[in-house]
Amino acid sequence: MAGDRRLKRAAVAALAVAASTALSGCGGGSMFGSSGGSSSGSSFGSRFSQLFGSKSQEASTASSPSTQATENSDLTCPSVAIRFGASTLSVGLPGKPASGSDLRYQGTITRTARDCNLQGGQITARIGIVGRIIAGPAGAPPTVDVPMRVAVVEDGAPEKVITTKAIRTTVTMEGENTEFSLVAEDITYPTPTETANDKYVFYIGFDPAALKPEPARGRKKK
């Protein structure tokens, strides 16, 4: 109960900071707040904008401390960083390398946002992602599947993966450069200690394995 009250007071103070830092720094979004329903969209102006408004930041491959911590806060909503090696999605013609004249399209991540809600010893986060699909020399298909993964990680040596979730959306290509957005809902994990919380990061990235169907469960033989 005391932690909830301290967190709510910190959220009010953090909103003022978020307004002035929304377009600078790495990885961010909004402080602890309320959660909502699940959806994904093909344009920045729809679902992503409704959830996070102007509280998004340019995507970064390096994590940074949250800019929204205050002297009265006990916990902060972890920063967002792009996992090394997963910042782009390159797809080529069947059986061809995804480069040069054989490149069909390439996806990139341009902006991110997040918010967190603390309740009953659990944190539930939403991670918003905005990106672009750019057609390559070989020509992109009419629609493109965009697979991504979000992971809650406690950085360290070694790092500790707290939870991970695959998400995907389908983008309808509108010309050679199409923007997309999606929101990973219900990223839930146990409330960390104050010391561990400073090490937590939301890692995101493209994950082609998320497009593969889950293996069918075989029937047990009697």
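- The shortest non-hydrogen separation linking Gly107 to Ile133 is CA-CD1, 3.7 Å.
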Handout entry: Val146 and Phe206: CA distance, side-chain angles, deciding distance, side chain to side chain contact (heavy atoms under 4.5 Å, CB included) verdict
Key = CA-CA 8 Å; Val146 179; Phe206 292 102; 3.7 Å; yes

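- With a 4.5 Å cut-off on side-chain heavy atoms, Ile127 and Thr112 do not count as touching.
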Exercise for the section: Show the numbers, then the answer: is there a side chain to side chain contact (heavy atoms under 4.5 Å, CB included) between Thr178 and Thr172? Expected result: CA-CA 8 Å; Thr178 301; Thr172 300; over 6 Å; no

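- Here the closest non-hydrogen pair linking Cys116 and Pro78 is SG-CD, 4.0 Å.
- Residues Pro141 and Tyr105 form a side-chain contact, since some pair of their non-hydrogen atoms from C-beta on lies under 4.5 Å apart.
- Using a 4.5 Å heavy-atom threshold, the side chains of Met173 and Pro142 count as separate.
- The shortest heavy-atom contact between Glu154 and Ala196 is OE2-CB, 3.9 Å.
- The line from OG1 of Thr193 to CG of Asp198 is 8.5 Å long, rounded to the nearest 0.5 Å.
- Enclosure of atom CD in Glu176 is not indicated, since only 12 or fewer non-hydrogen atoms of other residues, nucleotides or ligands lie within 6.0 angstrom.
- Around NZ of Lys165, the count of heavy atoms belonging to other residues, nucleotides or ligands within 6.0 Å exceeds 12.
- Residues Ile167 and Ile129 form a side-chain contact, since some pair of their non-hydrogen atoms from C-beta on lies under 4.5 Å apart.
- Contact detail for Pro147 and Leu89: the closest heavy-atom pair is CD-CD2, 3.7 Å.
- When the side chains of ILVMFWY residues are joined at heavy-atom separations under 4.5 Å, either directly or via intervening members, Tyr203 and Val161 end up in a single hydrophobic cluster.
- Between atom CZ of residue Arg126 and atom CG of residue Asp115 there is a gap of 4.0 Å, rounded to the nearest 0.5 Å.
- Scanning both residues, Gly139 and Arg104, for their nearest heavy atoms gives O-NE, 2.9 Å.
- Here Arg111 contributes atom CZ and Ser181 contributes atom OG; the two are 12.5 Å apart, rounded to the nearest 0.5 Å.
- Remark: side-chain polar atoms of Thr110 are paired, donor with acceptor, to backbone N or O of Val130 under 3.5 angstrom.
- Residue Ile162 comes nearest to Tyr189 through the heavy atom pair CG2-CB, 3.7 Å, listed as atom of the first residue, atom of the second, then distance.
- If you take OG1 on Thr169 and CE on Met148, they are separated by 10.5 Å, rounding to the nearest 0.5 Å.
- Using a cut-off of 4.0 Å between Lys/Arg side-chain N and Asp/Glu carboxylate O, Asp207 and Arg149 are scored as salt-bridged.
- For the side chain to side chain contact (heavy atoms under 4.5 Å, CB included) test with Tyr200, the passing option among Ile123, Thr76, Val152 is Val152; the others fail.
- Put simply, CD1 on Ile134 and OG1 on Thr108 are 5.0 Å apart, with the number rounded to the nearest 0.5 Å.
- To the nearest 0.5 Å, the span separating CZ on Arg83 from CD1 on Ile204 amounts to 11.5 Å.
- With a 4.5 Å cut-off on side-chain heavy atoms, Val153 and Asp155 count as touching.
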